[in-house]
Amino acid sequence: MIDVLIVGAGPNGLMLACELALAGVHPVVLERHAAPTGEPRANGLVGQVVRLLDRRGLHARLTGDSTPPAPQPAFTFGAFPLDLTVLAENPHYVLGVPQAQLEATLADRAVELGVDLRRGHEVVDLRQRPDAVEVRCADGTRLTTRFLVGADGGRSVVRRLAGIDFPGVTNDRSVSRTATVTVPASFLDAGTGGLRVPGYGVVPPFLHTRTPHGLIAWAPFPGRPALLSTTEWPDAPTSDEIPMSLAELRASVARVLGADIPLGPPDGPGLLRRLYGGNTRIADRYRDGRVLLVGDAAHVHSAIGGPGLNLGLQDAANLGWKLAATVRGWAPQGLLDTYETERRPVAERVVLSTQAQAALIGPGDEITGLRGLFAELLRIPQVTGHIAALMSGADVRYPADPADPLAGRTAPDVVVHGEHGPTRLAELTHAARPLLLDSTGAYAGVTAPWRDRVDVVTGPLEGTTATALLVRPDCFVAWSAGDAGTLRAALTRHFGRPQ
């Protein structure tokens with residue numbers, strides 16, 4: 001019998017597979033496509049997930065650079081520029097790699113870890129038993145697994161077959177057009193990297209620009225074709241039977257800006273995409289017996305602000321160690337259920353953010369008035385900091401002891417000064433094991449009964465005022481220095497009773 005069967009080899013399914021493998025459970029991953037599609041999707045990662053990838057050793061693989069990630073000095077919210085340099089502590093990270101590269105890197109890592117990745121297998125039916133889930137594929141293959149995880153996207157077959165509702169709203173008011181393009185050199189602004197458009201001005205790069213008639217975004221990615229996109233709210237919809245074209249996008253740009261930009265095709269294959277409206281939905285439940293959902297299978301929302309991979313990959317990191325603990329038999333009672341109780345509120349916060357941004361970019365004089373007031377609020381650094389924390393996920397705090405200021409929050413970037421010199425937390429978490437950082441050595445004895453599942457590192461800590469930290473495999477703090485009794489309770493609550 002398979003321990004864990006994951007349906008979907010996108011970033012979330014592959015990340016979960018890696019997390020399970022690191023925890024000693026070797027899953028099987030089924031993907032209906034026979035080979036990676038290479039279809040352009042997300043253009044990068046935004047938020048605290050960048051730090052998570054660094055803490056798994058994946059940031060260096062993706063960038064080819066061992067330099068730790070640094071916060072982004074600027075970003076955008078609802079087509080407002082955010083100056084993040086005004087913040088004493090900037091939580092906002094960005095990693096500009098296309099989704100296809102991320103998937104390839106995660107697939108390579110999964111195979112290295114012994115994950116059984118099977119492409120060309122489409123799940124068409126499932127049946128739950130008290131002790132297992134039986135799965136049938138389109139080619140007649142039948143598999144039995146202790147747990148089944150749907151990581152198969154917003155139109156999840158696993159979710160539908162499990163009978164899990166997907167409530168929310170669908171709107172068809174907007175039309176978004178995106179294409180890979182070239183533009184005349186005379187339109188490129190050397191100083192900003194933006195587009196200098198006669199009759200309008202400069203469209204800045206990597207930001208959403210709103211006009212009374214719509215939204216435009218220009219993304220001149222280094223080393224790959226530039227993307228240009230628009231969003232409009234037309235009185236009458238465009239026929240979906242007419243293929244998207246550069247001429248259609250050029251006409252949309254002219255309506256949004258009131259000025260023309262000559263557009264040419266990219267050198268090589270390109271993207272031409274038209275999307276109507278969007279969905280905002282969260283699954284009725286993340287777990288039904290032995291079936292669980294992760295990523296877009298559990299929630300869909302607007303892509304504005306780029307929160308999708310931040311949310312989905314951290315779903316996977318949260319679920320991975322808990323599911324592995326359940327399979328291996330040391331999970332405390334109810335641990336697996338905390339996957340939903342911790343992650344659903346985060347999805348709700350993402351929906352709050354994307355819906356607020358959708359309102360702020362909309363058409364009409366009323367929205368223009370709202371934006372004027374919002375622009376005043378953004379001059380207050382505390383407001384900018386609040387929004388940056390919301391967009392990055394740095395404001396996430398899982399249920400924890402309110403008397404412990406760090407518990408439930410993502411671990412700070414601590415440096416341990418041990419006998420072999422300074423070591424970053426990110427270098428200690430590649431194995432995704434529970435970790436006690438003990439500056440004095442006073443707590444190491446408390447964790448001894450859990451030595452089979454909790455590692456201990458001693459040495460002075462830089463980057464935190466706490467004298468000790470108990471860090472979960474997903475790099476959230478389970479406990480920060482108290483007495484031995486509270487540490488013992490935290491160890492039991494998160495990692496079960498010792499053998």
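The basis for the numbers below is simple: all heavy atoms, side chains too, and nothing from hydrogens, waters or symmetry mates. As the structure is a computational prediction, the values presented were derived from the model and not from experiment.
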Student: Give a yes or no on whether the backbone of R119 and the side-chain of E31 come within a donor-acceptor separation of less than 3.5 Å.
Tutor: no
Student: Out of T145, V291, V158, which one pairs with L5 under the side chain to side chain contact (heavy atoms under 4.5 Å, CB included) rule?
Tutor: T145
Student: When you measure from the side chain of R493 to the backbone N and O of R488, does any donor-acceptor pair fall under 3.5 Å?
Tutor: no
Student: Decide, yes or no, whether a salt bridge links D296 with R155 under the criterion of side-chain N to carboxylate O below 4.0 Å.
Tutor: no
Student: Could you go through the salt bridge (Lys or Arg N to Asp or Glu O under 4.0 Å) check for K322 and D474 one step at a time?
Tutor: CA-CA 10 Å; K322 296 173 181 178; D474 57 358; 5.5 Å; no
Student: Do we get R290 above F147's six-membered ring, with its NZ or CZ under 6.0 Å from the centre and within 45° of the axis?
Tutor: yes
Student: Is the closest side-chain donor-acceptor distance between S480 and D404 under 3.5 Å?
Tutor: yes
Student: Less than 3.5 Å apart, any donor N or O on the side chain of S176 or T231 sitting next to an acceptor on the other?
Tutor: yes
Student: Run the salt-bridge test on D413 and R51 with the 4.0 Å N-O cut-off and return the result as yes or no.
Tutor: yes
Student: Taking I6 as the fixed residue, which of L148, L20, V28, L30 is the one that meets the side chain to side chain contact (heavy atoms under 4.5 Å, CB included) rule?
Tutor: L20
Student: Strictly distance-based, threshold 3.5 Å: is any side-chain N or O of N12 a donor or acceptor partner for the main-chain N or O of L16?
Tutor: no
Student: Determine the minimum heavy-atom distance between E19 and A316, stating which atoms define it.
Tutor: CG-O, 4.2 Å
Student: Identify, with sequence neighbours excluded, every residue that meets salt bridge (charged side-chain N to carboxylate O under 4.0 Å, His left out) alongside D116.
Tutor: R118
Student: Does the side chain of N310 pick up a donor-acceptor pair with the side chain of Q314 at under 3.5 Å?
Tutor: yes
Student: Which atom names give the shortest non-hydrogen contact between S439 and L461, and what distance separates them?
Tutor: CB-CG, 3.8 Å
Student: So does R472 pair up with E342, basic N to acidic O under 4.0 Å?
Tutor: yes
Student: The criterion is ring pair (Phe, Tyr, Trp, His ring centres under 6.0 Å); which residues satisfy it with Y286, sequence neighbours excluded?
Tutor: Y339
Student: Is the distance from the ring center of F206 to that of F221 below 6.0 Å?
Tutor: yes
Student: Ignoring hydrogens and geometry, is there a side-chain-to-backbone donor-acceptor pair from W450 to G496 under 3.5 Å?
Tutor: yes
Student: Can you find a side-chain donor-acceptor pair between D288 and Q128 that sits under 3.5 Å?
Tutor: yes
Student: When you measure from the side chain of T180 to the backbone N and O of L271, does any donor-acceptor pair fall under 3.5 Å?
Tutor: yes
Student: Is there a donor-acceptor pair under 3.5 Å between the side chain of H386 and the backbone N or O of T384?
Tutor: no
Student: Can a side-chain donor-acceptor contact be found between Q101 and T105 if the only test is distance below 3.5 angstrom?
Tutor: no
Student: Answer with yes or no after comparing the ring centroid distance for Y443 and W479 against a 6.0 Å cut-off, counting only values under it.
Tutor: yes
